Amino acid sequence: MLKDGEIDLLSDVSITPERENEMLFSSYSMGTESYYLYVSNMDTGIDQTDYTTLEGKRI
């Protein structure tokens with residue numbers, strides 16, 4: 001709707017390089033984003049301090 005001119009403002013949009021080419025983003029922070037990965041406690045091969053243990057895993 002923003003791209004089509006149907007609305008003038010849109011909030012809570014994550015900044016990506018593709019979107020930066022099409023939209024203007026405020027230089028002020030609107031909040032924070034957090035992403036979480038949940039792993040079965042039965043999978044002892046994944047170590048939260050070592051990202052290389054995620055190699056070969058599907059998310």
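These figures come from a predicted structure and were not determined experimentally.
Atom CE of Met1 is separated from atom CG of Asp8 by 10.5 Å, given to the nearest 0.5 angstrom. Rounding to the nearest 0.5 Å gives a distance of 11.0 Å between OG1 of Thr52 and CD1 of Ile46. Rounding to the nearest 0.5 Å gives a distance of 8.5 Å between OG1 of Thr16 and CD of Glu22. Rounding to the nearest 0.5 Å places CG of Leu24 at 11.0 Å from CG of Leu9.
Atom CD of Gln48 has 12 or fewer heavy atoms from other residues, nucleotides or ligands within 6.0 Å.
The minimum heavy-atom distance linking Ser14 with Tyr35 is given by the pair OG-OH, 4.0 Å.
Panel note: side chain Asp43, backbone Gly45; a donor-acceptor pair is recorded below 3.5 Å.
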For a side chain to side chain contact (heavy atoms under 4.5 Å, CB included) check, start with the C-alpha distance between Met23 and Ile15, then their side-chain angles and the critical distance, and finish with the verdict. CA-CA 9 Å; Met23 303 177 196; Ile15 299 173; over 6 Å; no

